[in-house]
Structure formats: C-alpha cells, structure tokens
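One structure is given below, encoded as structure tokens.
Here is how names work: the chains are called A, B, and so on, in the same order as the sequence lines, proteins then strands, and each is numbered from 1.
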Protein chains: 2
Amino acid sequence: MALRNVLQFIILGLLDQQPLTGYELTKAFDSDIGEFWSANHSQIYPQLRRLEQSGQITHQEEVSGEKLARKRYTVTTDGRAALNDWLSAETEPTVGGRDEFAVKMYFIKSPDDPRLAHMLAAQLGFHEQKLAHLKIQMTRKFPNGQNNNDYGHYLVLDHAIRRETAYCEWLRSANSKK
Amino acid sequence: MALRNVLQFIILGLLDQQPLTGYELTKAFDSDIGEFWSANHSQIYPQLRRLEQSGQITHQEEVSGEKLARKRYTVTTDGRAALNDWLSAETEPTVGGRDEFAVKMYFIKSPDDPRLAHMLAAQLGFHEQKLAHLKIQMTRKFPNGQNNNDYGHYLVLDHAIRRETAYCEWLRSANSKK
DNA sequence: CTAAATCATGTATTTAATTACATGTATAAA
DNA sequence: TTTATACATGTAATTAAATACATGATTTAG
C-alpha cells in the first residue's frame, strides 16, 4: 500500500467546515486536531497548491490593510467527494505509534534503577499538565456536556483526555511498583 | 532541534541486552517494542553500518549450514556510553502522535451520522483483538506478576494494555452517546 | 522430493516530514 | 515612535521512513 498522504484529507475536512487560509490551517494543528495529527506550514502550502491543481479546492484573494494578501480556500464538489470517500473507507489502526519515553522504559531492566524515579516524575509532570489543559478545553468548549453540532470535536477531546489519563495512571503505577 | 534519530539508540539498547543480527533486530519491532516504535529492515541495515563506522558497535560473522552468513552485532564501550546518555537525557513527550481514525472522528459532525456506528464497531473490533493479544502476552511472559529482571518489558506491556483498554472504552462510550 | 515458509542481507526509489531559509505586512504594547 | 509579536506565504535542504527491488540459503511441512 502506497503512503497514505492523510494530510490532504485533513485539509479537505477542515475546509469543508469553513473556508480557511494556509495560515489558519497551520494553526488548526496547534489545537484540537493537533492531539492526533501534526503538520508544518511547509507541508501545508505545497499541499494546498497540489489540491488546487487537481481541482479539489479553489481560492479567492483577500486583502487586509494596505496590501497584505491572503488566499482563502474552499472545497469544490470534487474535493468533497474525495473527503467522503476517505471518511467512508476502512481505517486500519495506526501501528507502532511512536513514544520515545515508553521505549526508554523498555531498557530499564530493574525497578531499582536509580534513574527511574526521576524519569517517571518528569514525564508525569508533562502529562498531568497536558491533561489539565485538555480538561479546561473541554469545560470551555462543551459546558454542560453540550455537543450537538460538533460531535467530532467533542469525541477527539474526550479521546485525548482518556489517553492522557491512562498515561498518567501508568506512570504513577510504574513508580509505586518499586 | 535536529531530527532525533531515535532508531540508533533503540538498536544500541537491544544489542546491550544481547548480541543480535540485523534480522533479529528487525523482528524485535514486530513484538514488544513494536507497540511504541517501528522500523523496517531497510532502515536497520544502513543504521547498523553507520553505528559500526562510528565505533559504537562491532560484529562477528557466523555461518549456519553450508554458507549462509550472518553478522552478529555487539555494543562497544562507546556505544554503551551513548546509550546511557540517551537514557539519562530528558525526554520531551511525543506530540501529535498520529491516529488516522481519531482524525476521521473529528470530521463527524453529528452523533446521528449514518456512518458512525459502523466505523466505531470496526475500529473496536481491531482494538479488542489487540488488547486480547496483549493480555495473553502478559500472562505468558509474566505469570504471577513476576517481573524482577525484566521490569522494562513488563512496563511497556502494561502501558500498551492500558492504552488499548482506554481506546476501547472511548470507542464504546462514543457509540453509546448517540 | 519439492514447494512453501522463513532466514538473511542488502540497495534503490519514492514519499513524508522537519528544519532552515527567505521575505514582507499589520497590529498592539511599551 | 519604535519594537515586539502575530499575520501571511512561500521555497530549499535535510532527514526519516515506507515500499519496492534484488538475491540467495535453510528449514519444515506435505
């Protein structure tokens, strides 16, 4: 199977919600969706060009201030069809999702390793902070559990919270087993 | 920050446990460690060459049968030092760990989307199977919770089980919210 | 005996992704 | 007013990773 190029579909999906500029698309990967996919602007701008060349998106120029131009992209009918094909296709689960810390743990042979406690504590700090941030996002964006017109957004936030919760629990349990 | 090239350290870590061939290293990524890092043989063989050129590993030839030669690699003092440096260094958590299914979910706007139930069910099947497999591994490798001389191996298995458990719970909860 | 599966090692090509390079505008704060 | 930050868009160079190409030996099952 050829490499998937998932990025193109994510761009289509985001543009299907509302027309966006390259800059706004780049920012989208810093929040929400960034928990499960990341992309740099140096990937996004060339991909936009390719999507436009293949007729899946179009853009209109906008000018803010004197002369700062930006391109606001919109999905075409073709693009929307490609997006729906992708959404409807079977998704084989990501294997070997990379986690450098977990790999390091694999090489800690004994629960008495003098490095272990500090490693676990440092990593727990990171993930507790992330979890706290995600929970704030959740209450801010979905107060009273309201999620009718934005179910997907709620789902991925919930997913990220569960993931970080499990991660923290693992780190705490690893520390107490000593 | 330059790209990390974590693979080199994983190879050093595996060889530090016991001398291995390229083929055996490749197989190591199909089990255990494969839950948190993956690599093809086409990455591993060139990396072994580079590690040997920089004096971090050495090899001796072995022959099985008539003429099938294989190279069994061993870590040098330099290599062991590099491994320990890596283990002791701070690990920034992996951000944007990729999950194509989660991204798809982000684009499902309504809990009443007709595709949702099937998507969740299919994905749950995958992850339940994986979880079952991991649990079998755990009881096979660590009966009675014995994990004294191989704590790291136990930790990553536990980690993978917790991750898959949380994933399944998320999928079930996403389905019942409809 | 023979065919399939596994062992064993490499290279080449392509695609994906990161980092660095490059340039300029607009706005908000000091 | 000037300076820092954010807005805005691109390309170039490098590194990582996946897939495909390539070859051959050994073992195991039928």
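- The interatomic distance linking B:Asn5 (CG) with C:dT19 (P) rounds to 14 Å, in whole Å.
- Distances shorter than 4.0 Å separate none of the side-chain N or O atoms of B:Lys27 from OP1 or OP2 on C:dT6.
- In terms of the ring pair (Phe, Tyr, Trp, His ring centres under 6.0 Å) criterion, residue partners of A:Phe142 (sequence neighbours excluded) are, by chain and number, A:His153, A:Tyr154.
- DNA chain C is contacted by B:His41, B:Ser42, B:Tyr45 of residues 40-49 of chain B, taking any non-hydrogen atom closer than 4.0 Å.
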List the atom pairs, with distances to 0.1 Å, where a side-chain N or O of residues 117-128 of chain B and a protein N or O form a donor-acceptor pair under 3.5 Å, not counting sequence neighbours.
{"unit_1": "B:Gln123", "atom_1": "NE2", "unit_2": "A:Thr91", "atom_2": "O", "d": "3.1"}
{"unit_1": "B:His127", "atom_1": "ND1", "unit_2": "B:Glu164", "atom_2": "OE1", "d": "2.5"}
{"unit_1": "B:Glu128", "atom_1": "OE2", "unit_2": "B:Arg172", "atom_2": "NH2", "d": "2.8"}

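- Closest to the side chain of A:Tyr23, from the set D:dG10, D:dC7, C:dC7, is D:dC7.
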Got a list of side-chain donor-acceptor pairs under 3.5 Å for residues 77-85 of chain A, not counting sequence neighbours?
{"unit_1": "A:Arg80", "atom_1": "NE", "unit_2": "A:Asp16", "atom_2": "OD1", "d": "2.8"}
{"unit_1": "A:Arg80", "atom_1": "NH2", "unit_2": "A:Asp16", "atom_2": "OD1", "d": "3.4"}
{"unit_1": "A:Asn84", "atom_1": "OD1", "unit_2": "B:Arg115", "atom_2": "NH1", "d": "3.3"}
{"unit_1": "A:Asn84", "atom_1": "ND2", "unit_2": "A:Arg80", "atom_2": "O", "d": "3.2"}

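- If you take CZ of A:Arg50 and P of D:dG10, they are 13 Å apart, rounded to a whole angstrom.
- Between B:Phe101 and B:Tyr167, the angle of the ring planes lies from 30° to 60°, which puts this pair in the tilted group.
- Taking the ring pair (Phe, Tyr, Trp, His ring centres under 6.0 Å) definition, one finds that A:Phe29 meets it with nothing, sequence neighbours left out.
- With rounding to whole Å, A:Arg98 atom CZ is found 11 Å from D:dA16 atom P.
- Taking B:Gln43 as the reference, B:Leu7, B:Ala39, B:Asn40 meet the side chain to side chain contact (heavy atoms under 4.5 Å, CB included) condition, with sequence neighbours excluded.
- Under the 30°/60° scheme for interplanar angles, the aromatic rings of A:Trp86 and B:Phe107 are found to stand perpendicular.
- Among residues two or more places apart in sequence or in another chain, the side chain to side chain contact (heavy atoms under 4.5 Å, CB included) test is passed with A:Arg49 by A:Pro46, A:Gln53.
- Between C:dA16 and A:Arg4, no contact under 4.0 Å exists linking OP1 or OP2 to a side-chain N or O.
- Atom CD in A:Glu24 sits about 14 Å away from atom P in D:dG10, given to the nearest Å.
- Straight-line distance from the CZ atom of B:Arg72 to the C1' atom of C:dC7: 12 Å, rounded to whole Å.
- In this structure, B:Asp30 places its CG atom 12 Å from P of D:dA18, rounding to the nearest Å.
- Within residues 9-22 of chain A, the residues that have a heavy atom under 4.0 Å from DNA chain D are, in order of number, A:Thr21, A:Gly22.
- Taking atom CD of residue A:Glu62 and atom C1' of nucleotide C:dT25, one finds them 15 Å apart after rounding to whole Å.
- Across the protein-nucleic acid pair, B:Phe29 atom CZ and D:dA18 atom C1' stand 15 Å apart, rounded to whole Å.
- For A:Glu52, the side chain to side chain donor-acceptor pair (under 3.5 Å) criterion is met by A:His59, not counting sequence neighbours.
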